[in-house]
Protein chains: 2
Amino acid sequence: MTKILIVDDEPDILEFLQYNLEKEGFEVETAIDGEEGLIKAHSKVPDIVVLDIMMPRMDGFEVCKVMRKDPKFDNTIITFLTAKDEDFSQIAALDLGGDDFITKPVSPRVFTSRIKALLRRHRGNESNVQDQIINIADLVIDKEKVLVKRKGEKIELAKKEFELFCLLVEKPGKVYTREEIFRKVWGTDVIVGNRTIDVHIRKLREKVGPIYIKTIKGIGYKFEF
Amino acid sequence: MTKILIVDDEPDILEFLQYNLEKEGFEVETAIDGEEGLIKAHSKVPDIVVLDIMMPRMDGFEVCKVMRKDPKFDNTIITFLTAKDEDFSQIAALDLGGDDFITKPVSPRVFTSRIKALLRRHRGNESNVQDQIINIADLVIDKEKVLVKRKGEKIELAKKEFELFCLLVEKPGKVYTREEIFRKVWGTDVIVGNRTIDVHIRKLREKVGPIYIKTIKGIGYKFEF
DNA sequence: AAATTTATTAACTCAATGTTAAATCTCTGT
DNA sequence: ACAGAGATTTAACATTGAGTTAATAAATTT
């Protein structure tokens, strides 16, 4: 089983990431600061370490530096986590031996898929470029460019709209309940104003075209073509 | 659990692949020729069929053609297996509805990772999605997609209709009393207007076909085929 | 044939969803 | 830090169709 260690000083973030990764079948350890992180990493060598950069006592860069000197962690993937406005150069992070760089806030979907992509990439085969572009019906969905094209025509979607659309598109035909959608896109069970999803669905239908998203009354929504 | 059917005329290959897939936790059936393969596929619809092309009596292409005509196997992945020097066009194989093409000889690692990749590609991840799909008579009931197919033709059911149908289908032959149906589908003992179930049964018979649901007068209803 | 149970049909009801606009939040550039 | 733009959420109201009911017909049992 894949072991993941998350180090972040915000308990909320820890709980949020732990919950979502465990749901995907990963074994998750958490630490509240760099020092605790190092101790836990030593006691049970993780496959992936997710390091927040800004932390009291010992920041993420420090933890990374220490780990990268220890051959014990040669096969451990390190990824950084940081708030968008903290202006740390990704280059610096990667120079220190980090493998990836994830900016907060991040939805559970994106986070787990980044983790999975890292695992795939690191374990050799399979280019991660392949699954960044989805070709379905007369649509092209480019996850990297956050762009949908319909018959060659560009359609600009907002972030939430795009993620919601991707969720539906990735399993055509599957019916997603509102609860599922909230969990996967919003990353919370707390049900926000209960017309929120409807409004996003409406915008998607307006922008992408009305034919792709179908309502299954009493259950939820699905993508179909 | 993911069910794999391997069809090859060389017992050594069968044993080799079976051993390695079972070690990975798959449920493996084998067949020594195309005809046996088809029979086994019908008796227990597999998630993946691995078909050798060169076989006596009925070759892999034939088996694929027959299977692809049967909507029962709509959710079954078919992959071909052939010796490197047999110069069959991959195009031909894929045109027939095959999903992949593996050349012998193949290492266990590569083979199982190809199988896993297929599962990932075809559905979300490699785990038990298939439990969500019931294959019975000429019907396919996909719980995730909230969809019934009869001979490949989509039948859209409303929520209650679908739940009621699933209840009956999951134990073919079992007679459900109205009280039982209320408890399990409506989740209440309070009996609503006592013609409600009849009306739902009527709609099911109208949409799915009249032959599947039988009335046991004085007791209740059952699914039979 | 009377009684009981189930089938059929159509009308009705209300919760779920659609729609719109305004309020609030979040980013971006200065 | 601030303003403005755009994204997201909330709230209020409209619409729809699934699910229910009710009334009547047909089937089955006694």
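In what follows, every chain begins at residue 1, and chains take the letters A, B, ... in the order their sequences are listed. Below, all heavy atoms of this structure are taken into account, side chains as well, without hydrogens, waters or symmetry copies.
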Exercise. Count the heavy atoms of every other residue, nucleotide or ligand shown that sit under 6.0 Å from CD of A:E15, and state whether that count exceeds 12.
Key: no
Between [X] and [N], is there a side-chain N or O to OP1/OP2 distance below 4.0 Å?
X      : N      : answer
A:H200 : D:dA7  : no
A:R195 : C:dA16 : no
A:T196 : D:dT10 : yes
B:Y221 : C:dT5  : no
B:W186 : D:dT20 : yes
B:T215 : C:dA7  : yes

Quiz prompt | Distance-only side-chain donor-acceptor flag, B:R205 / B:T215, under 3.5 Å | solution =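 Yes, because at least one side-chain N or O of B:R205 sits under 3.5 Å from a partner of the opposite role on B:T215.
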Quiz item: Does B:K160 make a cation-pi contact with B:F162 (under 6.0 Å, within 45 degrees of the axis)?
Solution: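 No, a cation-pi geometry is absent between B:K160 and B:F162.
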Quiz item: Is it true that the NZ or CZ of B:K184 lies under 6.0 Å from the centre of B:F182's six-membered ring and within 45 degrees of the ring axis?
Solution: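 B:K184 over B:F182 ring: no.
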Quiz prompt | Sugar-phosphate only, base, or nothing, as touched by A:K203 at under 4.0 Å among non-hydrogen atoms | solution =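 Base, at least one base atom sits under 4.0 Å.
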Quiz item: If you look at every strand shown and take non-hydrogen atoms under 4.0 Å, does B:K217 touch a base, only sugar-phosphate, or nothing?
Solution: base
Whole Å only: how far is the [atom1] atom of [X] from the [atom2] atom of [N]?
X      : N      : atom1 : atom2 : result
A:I219 : C:dA15 : CD1   : C1'   : 15 Å
B:R202 : D:dG19 : CZ    : C1'   : 14 Å
B:I201 : C:dT9  : CD1   : C1'   : 17 Å
B:I216 : C:dT5  : CD1   : C1'   : 14 Å
A:I213 : C:dT17 : CD1   : C1'   : 14 Å
A:L204 : C:dT19 : CG    : P     : 13 Å
B:D198 : D:dG19 : CG    : P     : 16 Å
A:R205 : C:dT17 : CZ    : P     : 11 Å

Exercise. With A:D198 as reference, evaluate A:R202, A:R195, A:H200 under the side-chain hydrogen bond (donor to acceptor under 3.5 Å, both in side chains) test and give the passing residue.
Key: A:R195
Quiz prompt | Selection from C:dT19, C:dA7, D:dG19 that lies nearest to any side-chain heavy atom of B:A158 | solution = D:dG19
Practice problem: Report the residue (B:R178 or B:E206) whose heavy-atom-nearest nucleotide on DNA chain C is the more 5′ of the two. | Solution: B:R178
